Amino acid sequence: MTTTAPIPTPMGLYRRGISALQRELGPVDAIRFIHLFDHGTGDYTAERQAQQDTDDQPLSELCEEIRAATKS
């Protein structure tokens with residue numbers, strides 16, 4: 001007779017993996033290990049260029065944009 005272990009949910013597997021990494025490597029090295037594989041999301045270059053475009057914007061315009069965004 002063969003027994004099978006229940007299949008963990010992705011979040012359950014993630015939590016078990018993080019726990020094992022922390023237990024074996026310690027919290028700091030576990031984070032360093034995770035960063036080896038996590039490249040983030042989005043397009044950093046495009047986001048940075050868009051940020052630089054707003055760097056020249058007057059403070060009063062930025063404040064007005066913030067006010068407008070928080071009203072909606």
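Starting from 1, each residue takes its place in the sequence as its number. Keep in mind that what you see is a predicted model, and the values were worked out from it rather than measured.
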Point-to-point distance, once rounded to the nearest 0.5 Å, from CG of L36 to CD1 of I31
12.5 Å
Pairwise side chain to side chain donor-acceptor pair (under 3.5 Å) hits with a residue in residues 5-17, at least two apart:
none
Path from F37 to V28 over hydrophobic side-chain contacts below 4.5 Å:
no
Mind checking what makes side chain to side chain contact (heavy atoms under 4.5 Å, CB included) contact with Q22, not counting sequence neighbours?
I18, A30
State, with a plain yes or no, whether a side-chain heavy atom of L59 is found less than 4.5 Å away from one of C63.
yes
